[in-house]
Amino acid sequence: MIDTHCHLDQDEFRDDLDDVLARAKSAGVEALVCVAVGAASSENIVRNFAVREGLFAAVGIHPNYTHLVQPGDWERVLALVDEPRVVGLGETGLDRHWDYAPFDLQQDYFDRHLRLSQQTGLPFIVHLRDCEADVMAMLEDARQRGPLTGVMHSFTCSPETAARCVELGLYISFAGMATFKKSDDIRRTAASVPNDRILIETDSPYLSPHPLRGKRNEPAHITHTAAALAAVRNVSIENFAQQTSANARRLFARMK
Ligand SMILES: [Zn+2]
């Protein structure tokens, strides 16, 4: 399996990263995309994480960190996009749940990532929280300019929104929330996504799947999410793992 979204550079993994990666490997995780939240995080991931076996980088500025951006930070991200182990841009997107960054600033940076993706061909990774209409409007606008390549990460919207994202050219990724008892809506959406567009992720250290809720999440826990999604899609876990890994390698084409 491929964990298409994790934050291994966070403090939660400072003391036991080697053990975390060993457990991921034993659980069948063959590759991981380590997703940045800002310029320093992007540089750190490229230099110190995406140099290890199976680890790849996404570089960018998370919407909830845009108010912390210093002059020159965007240029620091731009300077990394040609690094061979950089497979994506992000995470980007919009967030109305937390009130950290002014919304127009979030929109400015989301727009930069979308344009950069269209210039470079690198896929973007979208964070969407409590602002579906705003995100969809910007994606529709961007689609007017040209083709889109990217993923809606930790997706929680309706099957209809998923279908529109697929029409726009995007992949849909599901995280641990899909395993929660009350998440029938998310599982209904997950059942509706075409075979060639579905991905899985952990969003470690966040969003631990059932029955590990409340604990630090780590890539090895992806097996719980994979089992829940395979069941709702009526395929074997092996089949689902194969399918989602092939999808991840198609989207993150620089992953070798
Ligand atoms: Zn994330």
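Scope of the values below: all heavy atoms of this structure, side chains included, with no hydrogens, waters or symmetry mates. First listed ligand is number 1; within each ligand, the first listed atom is number 1.
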- prompt: Are the charged groups of Arg145 and Asp141 less than 4.0 angstrom apart, N to O?
  reply: no
Metal site the Zn ion (ligand 1): N/O/S of His5 inside 2.8 Å: yes
Within one Ile-Leu-Val-Met-Phe-Trp-Tyr cluster: Leu207 and Leu229, side-chain cutoff 4.5 Å: yes
- prompt: Looking at Asp203, which of its N, O or S atoms is the nearest one to the Zn ion (ligand 1)?
  reply: OD1
message: Rounded to the nearest 10°, what angle sits at the Zn ion (ligand 1) between OE1 of Glu91 and NE2 of His7?
response: 90°
task: Check whether any N, O or S atom of Cys6, backbone or side chain, sits closer than 2.8 Å to the Zn ion (ligand 1).
output: no
Cation-pi, Phe56 ring and Arg254 (6.0 angstrom, 45 degrees): no
field: Interatomic distance, Asp196 atom CG to Gln243 atom CD [nearest 0.5 angstrom]
entry: 8.5 Å
